[in-house]
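Owing to the predicted nature of the structure, the values given are computational and were not obtained by experimental measurement. Each residue takes its place number in the sequence, starting with 1. Order of appearance sets the numbers: ligands from 1, and atoms from 1 within every ligand.
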Amino acid sequence: MSITVKNISYHYDNPGSEHSGRQVLCDISVSFDRDSFTAVIGPTGSGKSTFIQHLNLLLRADQGDILYDGESIYAQGYDRKKLRSRVGLVFQYPEYQLFETDVLSDVSFGPKNLGLPEDEVRKRASQALLQVGFSEADFHRSPFELSGGQKRRAAIAGVLAMQPEYLILDEPAAGLDPAGRRELFDMLGELHKKGGVGIILVSHSMDDVAKYADRLIVLNEGRILYDATPAEVFSHGKELESIGLDVPQAAKAAQMLRNRGISLPEGLITMEQVKTAILDHFG
Ligand SMILES: Nc1ncnc2c1ncn2[C@@H]1O[C@H](COP(=O)(O)OP(=O)(O)OP(=O)(O)O)[C@@H](O)[C@H]1O
Ligand SMILES: [Mg+2]
């Protein structure tokens, strides 16, 4: 159930646009397995959204190949619908796609489309809603009376109800307040731990990816600049800065303390790690 991306390149065909014909992805090779919680980061326009849309065939590479479970998704007659149920993609601001009268019906939409029997559809939809932190009392609320964070979670449940092997999300926490962000990332972390779902998400928050991801892929101008653990990637602060990316607040705080003569180990990227290191230092 791995995803193997082999030397893909892509350009948008936009007649009339000044960027028409420009390579947006250049010779990307990378693979994913379900054990990993991967974050894709990179400056605006680096190709993050374009890249993830290749993984479930919303976009098709000009060159290269993508294998799912060893099979080329570009092979003639390849079952796209099945791929999309296995590799679930949550768009940016997915709540705009909520449209049914109640949350349960909304989340049922995907599994219903898979042609599953009614009781299986309900079972999957309820399960997915519970997974994202809804209680049964909320199942029959209108999606429109939910909070921003709840709407977002309902929309994610709609993809989870397909029981995908991978969950791919484009900036899932965009526009949420700090509590909503934390809830959402905690939920994804739990899901990953318990559900055996591979997570691949795009994020602009270095603090969030430092805390939750175990692998970071840094895209710049359509190419992979780094593919490593968060601690390793954030050790390249200068290089990241040169392409307009930041390091986590915790890494900056640790550096400030080191500059003041407090010796802390390298590689601290979360506040939790910094706290522990400070306590050790003074302990
Ligand atoms: N539908 C499209 N038609 C033409 N060009 C596009 C289209 N979508 C994106 N692009 C261009 O492709 C490049 C990569 O865009 P993409 O949206 O993948 O970047 P991104 O890394 O997701 O950026 P952001 O962080 O702003 O979301 C950009 O130069 C963008 O202008
Ligand atoms: Mg994007």
Determine, using heavy atoms of Gln92 and all atoms of ligand 1, whether some pair is separated by less than 4.0 Å. no
Would you call Gln53 a ligand 1 contact, heavy-atom distance under 4.0 Å? no
Can an N or O of Thr50 be found at a distance shorter than 3.5 Å from an N or O of ligand 1? yes
Ligand 1 and Gly45, any nitrogen or oxygen pair closer than 3.5 angstrom? yes
Heavy-atom distances under 4.0 Å are what count here, so tell me which part of Val24 touches ligand 1: side chain, backbone, both or neither. side chain
Is it true that the side chains of [X] and [Y] contain a donor and an acceptor less than 3.5 Å apart?
{"X": "Ser36", "Y": "Asp33", "result": "no"}
{"X": "Asp27", "Y": "Ser9", "result": "no"}
{"X": "Tyr68", "Y": "Thr4", "result": "no"}

Counting the benzene-type ring for Trp, do Phe99 and Phe109 have ring centres under 6.0 Å apart? yes
Can you tell if the side chain of Ser126 reaches within under 4.5 Å of the side chain of Leu129, non-hydrogen atoms only? no
Applying salt bridge (Lys or Arg N to Asp or Glu O under 4.0 Å), run through Glu120 and Lys123 and close with a yes or a no. CA-CA 5 Å; Glu120 176 68 14; Lys123 199 174 101 194; 3.7 Å; yes
Out of all atoms in ligand 1, which are within 4.0 Å of some heavy atom of [X]? Include the element for each.
{"X": "His204", "value": "25 (O)"}
{"X": "Glu171", "value": "27 (O)"}
{"X": "Ser46", "value": "19 (O), 21 (O)"}
{"X": "Thr44", "value": "23 (O), 24 (P), 25 (O), 26 (O)"}

Decide, counting backbone as well as side-chain atoms, whether Ser49 has an N, O or S atom less than 2.8 Å from the Mg ion (ligand 2). yes
Pick from Pro43, Ala174, Gly47: the one approaching atom 19 (O) of ligand 1 most closely through a non-hydrogen atom: Gly47
Glu266 vs Arg258, salt bridge (Lys or Arg N to Asp or Glu O under 4.0 Å): CA-CA, chis, key distance, verdict: CA-CA 10 Å; Glu266 293 300 316; Arg258 284 186 206 106; 3.7 Å; yes
Lys211/Asp208 under salt bridge (Lys or Arg N to Asp or Glu O under 4.0 Å): CA gap, chis, key distance, verdict: CA-CA 5 Å; Lys211 189 166 165 199; Asp208 290 336; over 6 Å; no
